[in-house]
> 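The structure under discussion is supplied below as structure tokens; questions concerning it will follow.
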Amino acid sequence: MSTVGDGYRFFLLRLGVSVRFTVVGGCGAWPAAGQACSGYVVEAEGFRVLVDPGYATLPRLLGRMRADEVDAVLVTHGHPDHCADLNPLLRARALADVPAPALPVYAPPGALDAVLALDNRRMLAGSFVTHDLGPGVPYEIGPFRLDAFDLPHHVPNAGLRLSAGGRVIAYTGDTGPSPELVALAEGADLLVAEATYPERVPEEDAPYLSSALDAGRTAAAAGVARLLLTHLWPDTSPGPALTAAAKSYDGTLAVASEGVTLDL
């Protein structure tokens, strides 16, 4: 097991095929001081996919690329810690001196209603095209194949499996227990798993959220090469989560913090 802490340290594995995963933010619920909520960039063949633009992710994203360099957005569910910064991203594209082309945005049906209602549709007209995510039908997004899995949460949530160049990244969004989790993560090079709590999810949330212990069990059962724990409760130490996940998973393990990057 290897671990990384907070900040701008890098967790790099170069294995030849260029699929890059970068953490923009990883806080659950709200952004702790100096941090951002869920937000990840997946790149292959020069194509950039932004996954879950949660609270405070856009300023950090713009430190890495221009708004018009995002080629597609994937949103797992409609909670604002996973999609709130879609609004300023679309503003940055629509209000530029030369507006960017319409941005493809994929999400479960209805998940974007609230964030898209923040502005008059005329302000953002032509800046995005929405696509409903559902299980059973693969999507082709640039060089990526995307498969979606229905996973239990307080609202509809899509687990995402992105494949390119023989590499696979699986991401749970926020989820409670489900047999679909192993299918989502089966043989993945990287599993990015919600781990709001280290070992025990409070009873009222147990059907809808996961622990690091749960994530480790899923990673072991699915035979994933690497496990990245994300969505930890703000201002909590990563140590207990890493310890809990390592009880059942003995592969490469880390916690998502801004700047963590993997080259697969």
> If the condition is side chain to side chain donor-acceptor pair (under 3.5 Å), which residues does T57 pass it with, not counting sequence neighbours?
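Side chain to side chain donor-acceptor pair (under 3.5 Å) list for T57, sorted by chain: empty.
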> To the nearest 0.5 angstrom, please state how far the CG atom of N120 sits from the CG atom of L118.
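That separation rounds to 12.0 Å.
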> For R200, check side chain to side chain donor-acceptor pair (under 3.5 Å) against everything at least two apart and list the hits.
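In terms of side chain to side chain donor-acceptor pair (under 3.5 Å), with neighbours along the sequence ignored, R200 is linked to no residue.
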> Go through it in stages, so that I can follow the logic: the residues are E258 and R60, the test is side chain to side chain contact (heavy atoms under 4.5 Å, CB included), and I'd like the CA-CA distance, side-chain angles, deciding distance and then a yes or no.
CA-CA 9 Å; E258 183 186 352; R60 289 157 175 80; 3.1 Å; yes
> Distance-only, no hydrogens or angles: does the R167 side chain make a donor-acceptor pair with backbone N or O of D189 under 3.5 Å?
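Here the side-chain-to-backbone pair does not exist.
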> Identify the two heavy atoms, one from S248 and one from A220, that lie closest to each other, and give their separation to 0.1 Å.
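Minimum heavy-atom contact is O-CB, 3.3 Å.
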> For the residue pair H79 and H153, categorise the inter-ring angle as parallel (less than 30°), tilted (30 to 60°) or perpendicular (more than 60°).
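Correct class here is perpendicular.
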> Side-chain contact test, heavy atoms from C-beta onward, threshold under 4.5 Å: evaluate it for R64 versus T22 and give yes or no.
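A side-chain contact under 4.5 Å exists here.
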> If you look at every heavy atom in A29 and C37, which pair is closest and at what distance?
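That would be C-SG, 4.1 Å.
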> Per the side chain to side chain contact (heavy atoms under 4.5 Å, CB included) rule, which among V75, D81, D52 passes with S38?
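Checked V75, D81, D52 against S38; only one passes side chain to side chain contact (heavy atoms under 4.5 Å, CB included): D52.
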> What are the two closest heavy atoms between P31 and C27, and how far apart are they?
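Answer, listing the atom of P31 first, then C27: CA-CB, 4.2 Å.
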> Is there a donor-acceptor pair under 3.5 Å between the side chain of S127 and the backbone N or O of L124?
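Yes, because the side chain of S127 sits within donor-acceptor range (under 3.5 Å) of the backbone of L124.
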> Does F144 have any ring pair (Phe, Tyr, Trp, His ring centres under 6.0 Å) partners at least two apart in sequence or in another chain, and if so, which?
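Partners of F144 under the ring pair (Phe, Tyr, Trp, His ring centres under 6.0 Å) test: none.
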> Hydrophobic cluster membership, with links at side-chain heavy-atom distances under 4.5 Å among I/L/V/M/F/W/Y: are V49 and V41 in one?
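Unlinked, V49 and V41 end up in two clusters.
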> Taking atom CD of E203 as the centre, report whether more than 12 heavy atoms of other residues, nucleotides or ligands fall under 6.0 Å from it.
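Atom CD in E203 is not crowded, with 12 or fewer foreign heavy atoms closer than 6.0 Å.
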> R48 and D71: salt bridge (Lys or Arg N to Asp or Glu O under 4.0 Å), yes or no, with the steps?
CA-CA 5 Å; R48 292 167 166 170; D71 295 299; over 6 Å; no
> Kindly say whether L232 contributes a backbone atom to a donor-acceptor pair with the side chain of T236 at under 3.5 angstrom?
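Pair absent, no side-chain N/O of T236 close to backbone of L232.
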> How many angstroms lie between CG in N87 and CE in M123, if you round to the nearest 0.5 Å?
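These two atoms lie 9.0 Å from each other.
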> Might you point out which heavy atoms bring A100 and D68 nearest each other, and give the distance in Å?
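Taking every non-hydrogen atom into account, CB-CB, 3.8 Å.
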> In terms of hydrophobic clusters joined by side-chain contacts under 4.5 Å, are V168 and L227 together?
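No; L227 is not reachable from V168 via cluster members.
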> Passes salt bridge (Lys or Arg N to Asp or Glu O under 4.0 Å), E140 versus R145? Steps please.
CA-CA 5 Å; E140 299 298 327; R145 169 180 167 139; 5.5 Å; no
> Using 0.5 Å steps for rounding, measure from the NE2 atom of H131 to the CG atom of L74.
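That separation rounds to 10.5 Å.
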> Taking 4.0 angstrom as the limit, do D119 and R121 come out as a salt bridge?
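Not counted as a salt bridge, because no side-chain N and carboxylate O are separated by less than 4.0 Å.
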> Which label fits Y197 and W233: parallel for a plane angle under 30°, tilted from 30 to 60°, or perpendicular past 60°?
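Because their plane-to-plane angle is under 30°, the rings of Y197 and W233 count as parallel.
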> Picking from D174, N157, L160, what satisfies side chain to side chain contact (heavy atoms under 4.5 Å, CB included) with L151?
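Considering D174, N157, L160, a side chain to side chain contact (heavy atoms under 4.5 Å, CB included) with L151 is found only for N157.
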> Nearest 0.5 angstrom please: I169 CD1 to L191 CG, how far?
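If I round to the nearest 0.5 Å, the distance is 11.0 Å.
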> Any heavy-atom pair between the side chains of V42 and V19 that's under 4.5 Å?
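Yes, close enough: below the 4.5 Å cut-off.
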> Hey, does the side chain of E194 reach the backbone of T196 with a donor-acceptor pair shorter than 3.5 angstrom?
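Side chain of E194 to backbone of T196: a pair is present.
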> Please find the pair of heavy atoms, one from L103 and one from V70, that lie closest to each other, and give the distance.
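Where L103 meets V70 most closely, the heavy atoms are CD1-O, 3.4 Å.
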> Taking the six-membered ring for Trp, are F21 and Y40 parallel (under 30°), tilted (30 to 60°) or perpendicular (over 60°)?
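Geometry flag for Y40 against F21: parallel rings.
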> Indicate yes or no: at least one non-hydrogen side-chain atom of V182 is less than 4.5 angstrom from one of E180.
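Answer no - side chains too far apart.
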> Are L190 and L262 side-chain neighbours, meaning at least one heavy-atom pair lies under 4.5 Å?
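Yes - at least one pair of side-chain heavy atoms lies under 4.5 Å apart.
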> Rounded at 0.5 Å granularity, tell me how far CG in L89 sits from SG in C83.
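If we round to the nearest 0.5 Å, L89:CG and C83:SG are 12.0 Å apart.
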> Any heavy-atom pair between the side chains of L213 and K247 that's under 4.5 Å?
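Touching, per the 4.5 Å side-chain cut-off.
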> Has E69 got a side-chain atom pairing as donor or acceptor with R66's backbone, closer than 3.5 angstrom?
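Between the backbone of R66 and the side chain of E69 there is a qualifying donor-acceptor contact (under 3.5 Å).
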> Checking the side chain of R161 only, and the main-chain atoms of A170 only, is there a donor and an acceptor separated by less than 3.5 Å?
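Checked: no pair found.
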> Any heavy-atom pair between the side chains of L228 and V255 that's under 4.5 Å?
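Counting from C-beta outward, V255 and L228 never come under 4.5 Å.
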> Is there side-chain contact between L133 and Y139, with heavy atoms separated by less than 4.5 Å?
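The answer is yes; the side chains approach within 4.5 Å.
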> Any chain of hydrophobic side-chain contacts (each under 4.5 Å) joining F149 to V51?
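F149 does not cluster with V51.
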> Keeping the roles fixed (side chain from Y249, backbone from V224), state whether a donor-acceptor pair exists under 3.5 Å.
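Side chain of Y249 to backbone of V224: a pair is present.
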> Calculate, to the nearest 0.5 Å, the distance between atoms CG and OG belonging to D147 and S163 respectively.
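Nearest 0.5 Å value for the CG-OG distance: 6.0 Å.
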> Looking at T175, is its backbone amide N or carbonyl O close enough to the side chain of S210 to form a donor-acceptor pair, meaning the two atoms are under 3.5 Å apart?
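Yes; judged by distance alone, with no hydrogens or angles, the pair exists.
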> Under 4.5 Å between side-chain heavy atoms, hopping through other hydrophobics if needed: is there a path connecting V115 to V155?
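No: no chain of side-chain contacts under 4.5 Å links V115 to V155.
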> Is it the case that D205 and H154 place a side-chain donor and acceptor less than 3.5 Å from each other?
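Looking only at side-chain atoms, H154 and D205 do form a donor-acceptor pair, the distance falling under 3.5 Å.
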> Tell me whether L90 is reachable from I141 by hopping between hydrophobic residues (I, L, V, M, F, W, Y) whose side-chain heavy atoms are closer than 4.5 Å.
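The answer is no; the residues belong to distinct hydrophobic clusters.
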> Are the side chain of D85 and the backbone N or O of A56 linked by a donor-acceptor pair below 3.5 Å?
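Here the side-chain-to-backbone pair exists.
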> Which heavy atom of L229 sits nearest to which heavy atom of A241, and what is that distance?
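That would be CD1-O, 3.6 Å.
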> Answer yes or no: is there a side-chain heavy-atom contact under 4.5 Å between V73 and P53?
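Counting from C-beta outward, V73 and P53 do come under 4.5 Å.
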